[in-house]
Amino acid sequence: MPPPRTRGTALRQRLAELRGPEVPAKALDARALAALAANPGCRRRALLDGAGVNKTALASALGSPSAFGQSQFALTRGNAFEAKVKADGGAELLRLVHERLDRSAEPPTEADVPDLAAIGPEGRTARTALALREAAPGTWTLLDHPMLALDVAGSPAFLEPDAVVVHPDGSWTVVEIKSFPMLDGSADPSKVGAAARQAAVYVLALEEVAARLEPVPKVRHRVLLVCPKDFSNLPTASAVDIRKQRAVTARQLARLTRIQDIADTLPEGTCFAPDLPADELTAAVESVPATYAPECLSACELAFHCRTRSREAGAVTSLGRSVRAELGGLTTVEDVLAAARGEAGDPDDPAVAALRRAARLRTEALEERGATAAAGTVAGGTAW
């Protein structure tokens with residue numbers, strides 16, 4: 001068996017061939033890793049993200065351009081809100097951290113805000129690790145846009161959380177600043193869930209930094225989510241427990257380290273370069289199995305393409321994961337209808353039995369409705 005370094009080099013070369021000889025790799029970020037963890041069964045996304053394929057360009061080349069991403073207005077509003085939260089050396093941000101996560105500590109009257117500037121992502125990562133190691137005990141330290149590295153498929157993915165706070169007891173907290181509002185103390189659950197999955201990626205990366213220090217600092221699994229309060233621009237915050245999201249993300253990242261297994265199943269010469277002919281590019285994409293679900297529309301640039309293919313194949317996954325889970329081994333709409341009509345399927349299968357019972361009830365209801373309508377017509381005719 002080749003040594004790990006040789007295997008890692010071979011994998012990187014293979015992934016570069018999949019991108020195309022002149023196509024630069026698109027860096028993985030926390031948002032992409034969080035979305036991948038939300039759909040761990042999608043081999044297509046795992047391979048394309050692991051290879052650094054630009055899925056936005058790929059979707060356009062396939063004729064299904066993506067509408068995924070934030071508008072320029074939303075980005076501008078988010079940047080303005082983040083600047084407000086971090087003003088005056090992060091005084092308001094640290095107040096929220098103290099209030100929501102660490103009331104037992106001394107209130108943060110002042111804090112260290114180390115300079116994290118360095119050349120390139122590797123330099124910024126090293127500077128962040130140094131700042132975390134040198135954080136003075138007994139004081140508050142705020143790291144504004146630190147750079148963290150997380151090993152993904154044998155190569156580092158560089159991640160940039162909004163902030164990391166070092167508490168006086170030496171523990172570390174991830175801070176996520178979002179521009180969606182908290183109304184009466186709560187926010188949109190789907191947006192909070194997405195933020196929690198993204199924060200879980202940062203926590204995993206921080207844990208890798210902590211593991212190299214002695215003694216090992218505690219990385220808190222309750223992160224701080226900061227949002228505008230109600231319809232104002234005033235910041236408010238909530239502590240979010242991300243232990244579940246962290247566990248799911250860690251499992252998915254473990255799968256990503258075996259991305260070579262997915263690449264080995266592809267036909268020789270497979271390439272995802274967006275300048276290839278449309279039919280060749282479509283064949284390359286279709287050679288990698290996908291697991292589409294409606295949730296992909298808000299998380300993946302290829303969602304429109306995969307949705308079209310899913311509908312053409314009559315796959316029940318296009319109706320949602322909950323529907324797919326209820327139907328067991330029935331994977332297409334045609335299979336479902338055949339089972340409901342009694343033309344296929346095992347009668348002892350609970351899903352098949354439930355479908356047939358639902359079909360009988362529907363038939364009875366329609367017959368009863370028809371009889372009632374007919375009776376009403378006769379009665380009306382007699383009265384006339």
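All values below were derived from every heavy atom in this structure, side-chain atoms included, with hydrogens, water molecules and symmetry-related copies excluded.
- Within the structure, no pair that satisfies the ring pair (Phe, Tyr, Trp, His ring centres under 6.0 Å) test touches residues 81-136, not counting sequence neighbours.
- A 4.5 Å side-chain heavy-atom check between V175 and L96 finds every atom pair outside the cut-off.
- Evaluation of the side chain to side chain donor-acceptor pair (under 3.5 Å) rule for D335 yields T332 as partners, not counting sequence neighbours.
- Taking CG of N79 as the reference point, atom CG of L75 lies at 6.5 Å (rounded to 0.5 Å).
- Side-chain contact between V288 and T270: absent, with no pair of heavy atoms (C-beta onward) separated by less than 4.5 Å.
- In this structure, the separation between CD1 on I262 and OG on S287 is 11.5 Å, given to the nearest 0.5 Å.
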Inset, instruction - Could you walk me through whether C300 and K55 pass the side-chain contact (heavy atoms from CB on, under 4.5 Å) test, one step at a time? - result: CA-CA 8 Å; C300 182; K55 297 196 299 299; 3.8 Å; yes
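- Listed by first then second residue, pairs satisfying side chain to side chain donor-acceptor pair (under 3.5 Å) with a partner in residues 350-371 number zero, not counting sequence neighbours.
- You'll find the side chain of P235 reaches within 4.5 Å of the side chain of K84, heavy atoms only.
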Enumerate donor-acceptor pairs with a distance under 3.5 Å from any side-chain N or O in residues 188-195 to protein atoms, sequence neighbours excluded.
| from | atom 1 | to | atom 2 | distance (Å) |
| --- | --- | --- | --- | --- |
| D188 | OD1 | S190 | N | 3.0 |
| D188 | OD1 | S190 | OG | 2.8 |

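- Clustering ILVMFWY residues whenever any of their side-chain heavy atoms sit less than 4.5 angstrom apart, transitively, puts L143 in a cluster other than the one holding V165.
- Distance check: T236 OG1 to L183 CG gives 11.0 Å after rounding to the nearest 0.5 Å.
- A continuous path of hydrophobic side-chain contacts links L132 to L116 [ILVMFWY only; heavy atoms under 4.5 Å].
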Inset, instruction - Begin from the C-alpha positions of D241 and R243 and carry the test salt bridge (charged side-chain N to carboxylate O under 4.0 Å, His left out) through to its verdict. - result: CA-CA 6 Å; D241 191 324; R243 284 176 293 183; 2.6 Å; yes
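- Counting only residues at least two apart or in different chains, side chain to side chain donor-acceptor pair (under 3.5 Å) contacts with residues 108-124 comprise R124-E160.
- With contacts defined as side-chain heavy-atom distances shorter than 4.5 Å, the pair S318/Y292 qualifies.
- Identified under the salt bridge (charged side-chain N to carboxylate O under 4.0 Å, His left out) test for residues 214-239, with sequence neighbours left out: D102-R220, D169-R220.
- Checked against ring pair (Phe, Tyr, Trp, His ring centres under 6.0 Å), H305 has no partners two or more places apart in sequence or in another chain.
- D144 meets the side chain to side chain donor-acceptor pair (under 3.5 Å) test with K86; sequence neighbours excluded.
- L47 contributes atom CG, which lies 8.0 Å from atom OG1 of T265 (distance to the nearest 0.5 angstrom).
- A distance of 6.5 Å separates CZ of R133 from CG of L213, quoted to the nearest 0.5 Å.
- Residues R197 and V201 fail the side-chain proximity criterion, which asks for heavy atoms closer than 4.5 Å.
- Using a 4.5 Å cut-off between side-chain heavy atoms of Ile, Leu, Val, Met, Phe, Trp and Tyr, with links allowed through other members, L33 and M147 fall into different hydrophobic clusters.
- Within the 4.5 Å cutoff, the side chain of R14 has heavy atoms near those of the L266 side chain.
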Inset, instruction - Could you give me the CA-CA distance, side-chain angles and deciding distance for L225 and M182, then say whether side-chain contact (heavy atoms from CB on, under 4.5 Å) is met? - result: CA-CA 10 Å; L225 176 62; M182 282 191 185; 4.1 Å; yes
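- Sorted by first and then second residue, the ring pair (Phe, Tyr, Trp, His ring centres under 6.0 Å) pairs involving residues 172-224 (not counting sequence neighbours) form an empty list.
- Pairs engaging residues 121-145 under the ring pair (Phe, Tyr, Trp, His ring centres under 6.0 Å) rule: W140-H167 [sequence neighbours left out].
- By the 4.5 Å heavy-atom criterion applied to side chains, L224 and L93 are counted as neighbours.
- Under the 4.5 angstrom side-chain criterion for Ile, Leu, Val, Met, Phe, Trp and Tyr, V23 has no cluster partners at all.
- Taking 4.5 Å as the limit, some side-chain heavy atom of L148 sits within range of a side-chain heavy atom of T128.
- Atom CG of L355 is separated from atom CZ of R341 by 11.5 Å, given to the nearest 0.5 angstrom.
- No continuous path of ILVMFWY side-chain contacts below 4.5 Å connects V164 to V97, so the two sit in separate hydrophobic clusters.
- Hydrophobic side-chain contacts under 4.5 Å tie I119 to no other Ile, Leu, Val, Met, Phe, Trp or Tyr residue.
- Hydrophobic clustering keeps F158 apart from L204 (ILVMFWY residues linked when any side-chain heavy atoms are closer than 4.5 Å, directly or through intermediates).
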